[in-house]
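In what follows, residues are counted from 1 in the order of the sequence shown.
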Amino acid sequence: MKNLLIPSSSIELLILPSLLLLVLSSHAINADQYKKLDENSYRQCLCNHSVPSHLYFTPQSPSYNYFFFSSVRNRRPLLNSFKPLVIFLPAVENHVQAAVLCSRSLSIPIRTRSGGHDYEGLSYTSTSGQFVLIDLQFLSSINVDYKNSRTAWVQVGATLGQLYHAIANQSSTAAFPAGLCPTVGVGGHVSGGGFGMMSRYFGLASDNVEDIRIVVASGEIVDRQSMGEDLFWALRGGGGASFGIILAYKVRLVEVPNKVTVFTVSKTLEEGATKLVDEWQRIAHKVDKRLFIRTLFKVVGNDSDEHDDQNKTTNRTVQISFNSLFLGEMKELLLIMEDCFPELQLKAEDCIEMRWIDSVLYFAGKGYQGKPLSSLVERYSPVYNSSFKHKSDFFTKAIPSEGWNRILRRFLEKGEQPMMIIDPWGGRMDEISETETAFPHRKGNLYNVHYLTQRWVEDDVAVSMKHVDWLRRFYKFMTPYVSKNPRAAYLNYRDLDIGMDVMGNKTSYWEARRWGERYYKGNFKRLAYVKGEVDPNNMFRNEQSIPPLFSS
């Protein structure tokens with residue numbers, strides 16, 4: 001692997017104009033809160049390890065705000081949390097070793113940020129005290145070896161979009177099965193599982209990892225051979241933040257057809273969406289595993305002041321979109337849909353054939369459709385200058401028809417514009433044992449459910465609580481329809497509502513079970529034992545990290 005060197009003259013060039021909007025519209029960071037901290041000791045320690053001074057910033061530094069907000073994807077956590085004592089942007093791998101050694105010697109906690117998409121902001125804020133932020137965006141090299149090994153080494157500061165783009169540059173039929181959002185960082189996404197539109201055929205991103213390089217609490221860099229299979233198991237679905245700082249993954253590339261087919265068919269309640277989703281839930285998890293059909297629920301229209309093209313009042317209703325990727329050509333897809341889901345009445349004009357890499361832009365959303373492939377490598381986006389709250393569930397059985405009617409009526413409550421995304425499981429996800437990796441949500445799960453509030457731009461606690469409270473009530477309302485004992489959750493859709501560490505380094509395994517068993521189910525205990533082996537002093541911790549457990 002090649003180390004990426006960032007000269008000091010290049011630092012300011014990395015600050016895009018859009019970031020200035022983020023900074024100007026943000027809360028001013030008050031440097032007074034840092035007076036009690038001995039930031040000079042940390043800076044001196046980095047200097048002693050030959051780390052150039054232009055790679056770290058304190059709140060007094062002119063570039064501190066620029067780099068802090070460069071990867072803030074959710075502003076809500078900023079309302080009531082600590083911000084970093086120091087922001088450190090390693091340029092080579094041994095800089096990360098220096099950061100770990102300095103934090104250990106000075107007893108200063110670490111937070112690690114790859115892309116900044118942690119839904120509760122745990123990669124760039126803390127509710128428990130001051131910390132050093134290790135921002136890995138400069139460790140972003142990607143080396144694709146498609147011809148010889150069908151693998152790629154990717155450093156964790158790279159984004160999914162950058163990885164997809166690099167793979168497509170090597171071959172139009174090579175791909176990697178991971179998430180939909182191009183600006184998501186590889187680091188957290190892969191270690192938390194990482195599912196996407198091809199998971200029913202190829203499994204998760206973490207199911208396709210062959211090797212990992214990580215800095216552990218001792219400051220050593222270890223790989224699969226030297227770390228042992230227990231830690232390698234834990235890092236695939238257990239999240240990396242509890243065990244060290246992951247530097248890079250060796251991922252296995254997959255083969256896709258020259259042409260794939262996509263479609264989106266949207267129906268409102270008045271157009272029969274309720275009946276369609278009832279039929280969909282009975283087939284989407286067991287159809288041909290090359291076919292992925294997810295549903296997106298959103299509120300459209302308005303009670304009084306929104307009008308359609310015919311100048312008629314558009315009543316508030318729920319629109320359900322059936323959003324799909326098929327790893328094959330349209331002709332075959334139409335035959336499969338006619339057999340398994342004729343109620344949707346899919347037609348040729350609903351479908352688009354394209355290369356897999358073009359489907360990445362299609363599923364990334366309106367902000368990417370019609371843009372060139374080069375847009376996948378862009379890291380920053382002003383669309384994230386807002387706040388949100390997300391939660392997750394799993395369905396293990398079909399919802400009765402009356403249940404859908406109740407859910408959709410509740411979804412239409414005034415005062416909120418929520419979304420809900422339901423992704424089908426089955427296929428390859430059923431074929432992998434729940435203990436093969438740390439990711440446990442396998443056979444027996446039919447769908448993953450993702451609840452989203454509308455985004456809001458006000459930096460106001462009252463506004464934030466209004467939206468968050470609505471989602472919490474809706475989540476409680478969904479209790480009869482979702483998994484039980486435990487009510488499972490997906491780690492990459494982080495949710496502090498299900499439990500959090502309020503005792504710092506004193507939180508025990510037994511206390512952490514409240515959230516740990518919801519993310520990891522029966523794998524949580526083994527994860528805690530692995531933690532006890534590699535980080536017995538609990539150096540790497542956050543509000544939902546895995547505490548160490550010892551066999552004695």
Sequence neighbours left out, what passes side chain to side chain donor-acceptor pair (under 3.5 Å) with R236? Give chain and number order.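 Side chain to side chain donor-acceptor pair (under 3.5 Å) list for R236, sorted by chain: empty.
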
For D535, all residues meeting side chain to side chain donor-acceptor pair (under 3.5 Å), sequence neighbours excluded: K531

Using side-chain heavy atoms (C-beta onward) and a distance below 4.5 Å, is [X] in contact with [Y]?
X: F540; Y: T112; answer: no
X: E120; Y: Q544; answer: no
X: S191; Y: L235; answer: no
X: I421; Y: N323; answer: no
X: V92; Y: H95; answer: yes

How are the rings of F138 and F67 set to each other: parallel, tilted or perpendicular (split at 30° and 60°)?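 If you compare the ring of F138 with that of F67, the planes turn out perpendicular.
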
Given 3.5 Å as the limit, does a donor-acceptor pair link the side chain of [X] with the main chain of [Y], or not?
X: Q155; Y: A248; result: no
X: T437; Y: F439; result: yes
X: R200; Y: H285; result: yes
X: N208; Y: F202; result: yes
X: R76; Y: F388; result: yes
X: H189; Y: G179; result: yes

When rounded to the nearest 0.5 angstrom, what is the spacing between [atom1] in [X] and [atom2] in [Y]?
X: F297; Y: L452; atom1: CZ; atom2: CG; answer: 12.5 Å
X: L296; Y: D423; atom1: CG; atom2: CG; answer: 8.0 Å
X: Q162; Y: S140; atom1: CD; atom2: OG; answer: 6.0 Å
X: F243; Y: I214; atom1: CZ; atom2: CD1; answer: 8.5 Å
X: S387; Y: H467; atom1: OG; atom2: NE2; answer: 9.0 Å

Considering non-hydrogen atoms only, spot the tightest contact between [X] and [Y] and give its length.
X: L327; Y: P257; result: O-CG, 3.6 Å
X: V262; Y: S359; result: CG1-CB, 4.0 Å
X: L253; Y: A152; result: CD2-CB, 4.2 Å

Got a sec, which residues hit salt bridge (Lys or Arg N to Asp or Glu O under 4.0 Å) with [X], two or more places apart in sequence or on another chain?
X: R494; result: D118
X: R290; result: D288, E332
X: E458; result: none
X: R113; result: D135

Salt bridge check, E431 against R442: does any charged N sit closer than 4.0 Å to a carboxylate O?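 Salt bridge absent between R442 and E431.
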
For residues 187-198, which residue pairs pass the salt bridge (Lys or Arg N to Asp or Glu O under 4.0 Å) check, not counting sequence neighbours?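 Those involving residues 187-198 do not exist here.
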
Among residues two or more places apart or on two chains, list those pairs meeting salt bridge (Lys or Arg N to Asp or Glu O under 4.0 Å) that have a residue in residues 142-161. R150-E255

Can you name the side chain to side chain contact (heavy atoms under 4.5 Å, CB included) partners of [X], sequence neighbours left out?
X: A284; answer: W280, P424, Y447
X: D358; answer: M354, R355, L373
X: L471; answer: K389, K391, Y451, T453

Can S172 and I357 be said to form a side chain to side chain contact (heavy atoms under 4.5 Å, CB included), step by step? CA-CA 7 Å; S172 62; I357 189 62; over 6 Å; no

With H390 as reference, evaluate Y119, Y493, Y490 under the ring-ring contact (aromatic ring centres under 6.0 Å, His included) test and give the passing residue. Y119

Around atom CZ of F322, are there more than 12 heavy atoms from other residues, nucleotides or ligands closer than 6.0 Å? yes

Should we count CD of E349 as having more than 12 external heavy atoms under 6.0 Å?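 Yes, CD of E349 has more than 12 neighbouring heavy atoms, counting only those of other groups under 6.0 Å.
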
Partner residues of C351 under the disulfide (SG to SG under 2.5 Å) criterion, sequence neighbours left out: none

